[in-house]
Amino acid sequence: MPSSISPAALEAAVSDHLPWLRNLYRHFHRHPELSMAEHATADRIEQELTAMGLEPQRIGGTGVVAVIGNGEGPTVLARADIDALPLQEDTGLEYASETRGVMHACGHDAHATALLGATRVLAENRDAWSGTYIAVFQPGEETADGARAMIDGGLLERVPRPDVALSQHVMPAAAGTIGTVTGPVLSAGDSLKITIHGRGAHGSMPHTAVDPVVLASSIVLRLQTVVSREVEPGTFAVLTVGSLMAGAKANIISASAELLLNIRTYDLTVREQVIAAIERIVRAECAGAGAPADPEFHYYDQYPLTSNDSAVTDTVTEAFVDHFGPQAVYEASRVTASEDFSLIPDAFGVPYTYWTVGSVDPARYRDAVSRGAVSQEIPANHSPHFAPLEEPTLLTATRAQVVAALAYLGAEGRVD
Ligand code: ZN
Ligand code: ZN
């Protein structure tokens with residue numbers, strides 16, 4: 001059995017690396033790269049892992065994986081996403097993005113830093129645990145391409161099968177706190193392009209046309225009834241028509257129209273219900289208008305449901321409470337955003353949990369909460385003003401990855 005590492009020793013092991021963590025974080029923040037083009041980021045991650053004495057592998061283009069084999073015991077997979085967003089940073093930070101129009105506005109720079117930190121602490125403290133640790137640095141989360149690319153690139157064949165998978169995300173909550181929740185934590189997300197076909201004509205001769213603008217307008221209104229009239233009240237579903245495009249000139253009736261829809265659900269049965277309703281309504285409206293061709297449906301940017309396993313979440317939450325104290329751990333609320341992380345544990349067929357890490361100055365956050373002004377005053381993920389507080393966020397996120405891993409790999413590992 002491994003000797004356990006005391007909370008104080010663990011805290012010191014992470015804190016000792018603070019200058020390195022801060023330097024890494026600022027490097028990633030200054031040099032953001034878009035989804036599936038994280039070449040320099042992946043190079044830097046590989047260099048850091050190599051410096052730890054590990055043998056990183058590239059999987060799925062810009063994905064990086066390192067495995068620490070450390071004797072008998074369970075296998076834990078921890079994953080961080082590494083990509084940035086097409087956004088012009090407006091934070092005023094001294095380490096702001098140096099790449100115009102690209103920004104780490106979702107905190108994936110903090111995730112990559114924390115996972116490198118946890119990997120280093122585990123690599124340097126092998127007597128404190130036993131088993132196998134797999135660090136997965138995943139590209140392309142923001143486009144839902146990266147987890148799939150790593151799986152298609154051979155992830156399942158190139159690393160041992162884990163017993164459990166872990167991931168985390170920085171959020172606008174008090175820095176130093178961690179949110180965990182059992183069951184759905186992030187929604188399934190689907191984007192859908194619908195092309196409807198009418199018949200073009202001169203704008204002065206509508207009787208010779210099948211007007212796709214009128215047809216599309218009718219579809220948009222009718223789609224509003226899917227959530228309000230078909231999904232059971234109290235059941236979560238979002239259906240947004242984010243784009244409607246048709247025509248280019250006032251006196252031309254165009255031949256077709258294109259609608260872009262976004263769908264969010266917490267339940268795969270509801271997801272199927274919503275998708276079936278959309279297709280039914282669109283087909284019926286097209287038939288009603290006398291459209292000369294069937295509508296076309298193209299699904300893209302599809303994110304799986306992220307639903308935390310209750311046993312894994314309980315184990316990790318208990319370890320967080322032991323290490324950080326009960327005041328630092330709260331029950332996270334579900335977020336309507338989506339993630340592709342769960343594709344990885346689902347591909348292995350293993351349970352997982354995904355927790356949130358606060359990143360806002362606690363006094364500022366609590367003040368905003370007390371005035372009900374969080375969404376107005378605290379820049380959230382994907383805002384050009386998103387700027388996690390470096391400390392204690394980096395330390396908390398790094399410790400969280402170590403503590404969660406040790407819940408399985410430490411002396412009191414709980415996997416049977
Ligand atoms: Zn994001
Ligand atoms: Zn993100």
Side-chain angles (χ1 to χ4, degrees), residues 25 28-29 32-38 41-42 45 62-63 78-91 97 99 101-116 136-150 165-173 175 178-181 184-191 238 240 242 262 264 300-306 308 332-345 352-360 375 378-389 393-394 396-398 400-401:
Y25 174 67
F28 290 138
H29 195 84
E33 295 177 294
L34 292 174
S35 304
M36 304 313 289
E38 309 90 336
T41 304
I45 290 167
T62 41
R79 167 271 199 186
D81 42 15
I82 65 171
D83 55 330
L85 286 159
L87 204 65
Q88 180 60 37
E89 178 159 355
D90 187 16
T91 59
S97 170
T99 306
V102 185
M103 176 190 175
H104 266 296
C106 203
H108 300 185
D109 44 357
H111 305 165
T113 302
L115 186 56
L116 281 169
V136 174
F137 297 86
Q138 184 214 296
E141 185 281 324
E142 297 289 358
T143 55
D145 291 319
R148 173 57 53 203
M150 292 192 81
L166 310 169
S167 195
Q168 62 180 353
H169 208 297
V170 293
M171 289 282 162
I178 297 179
T180 67
V181 66
V185 57
L186 296 169
S187 66
D190 296 89
S191 290
V238 173
T240 293
N262 194 252
R264 306 283 170 145
Y300 66 102
D301 280 6
Q302 291 187 285
Y303 290 88
L305 180 67
T306 307
N308 286 333
S333 37
R334 293 174 173 185
V335 183
T336 57
S338 304
E339 257 279 358
D340 66 350
F341 157 65
S342 68
L343 291 177
I344 292 173
Y352 61 87
T353 197
Y354 179 97
W355 64 86
T356 59
V357 175
S359 61
V360 183
S375 56
I378 310 276
N381 308 61
H382 292 211
S383 157
H385 310 293
F386 183 68
L389 188 69
T393 307
L394 294 176
T396 306
T398 304
Q401 282 286 19

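Nothing fancy with the numbering, it's 1 onward along the sequence. Both counts, for ligands and for their atoms, begin at 1 and track the order of listing.
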Do Gln302 and Asp190 get their side chains close enough for a donor-acceptor pair, meaning under 3.5 Å? yes
Short side-chain donor-acceptor distance under 3.5 Å, Thr41 and Glu33: yes
Is the shortest heavy-atom distance from the side chain of [X] to the side chain of [Y] under 4.5 Å?
| X | Y | result |
| --- | --- | --- |
| His169 | Tyr354 | yes |
| Met150 | Arg79 | no |
| Asp81 | Phe341 | no |

Applying side-chain contact (heavy atoms from CB on, under 4.5 Å), run through Asn262 and Ser191 and close with a yes or a no. CA-CA 5 Å; Asn262 194 252; Ser191 290; 3.0 Å; yes
Pull up every protein N/O/S atom sitting under 2.8 Å from the Zn ion (ligand 1), skipping waters. Cys106 SG, Glu142 OE1, Glu142 OE2, His382 NE2
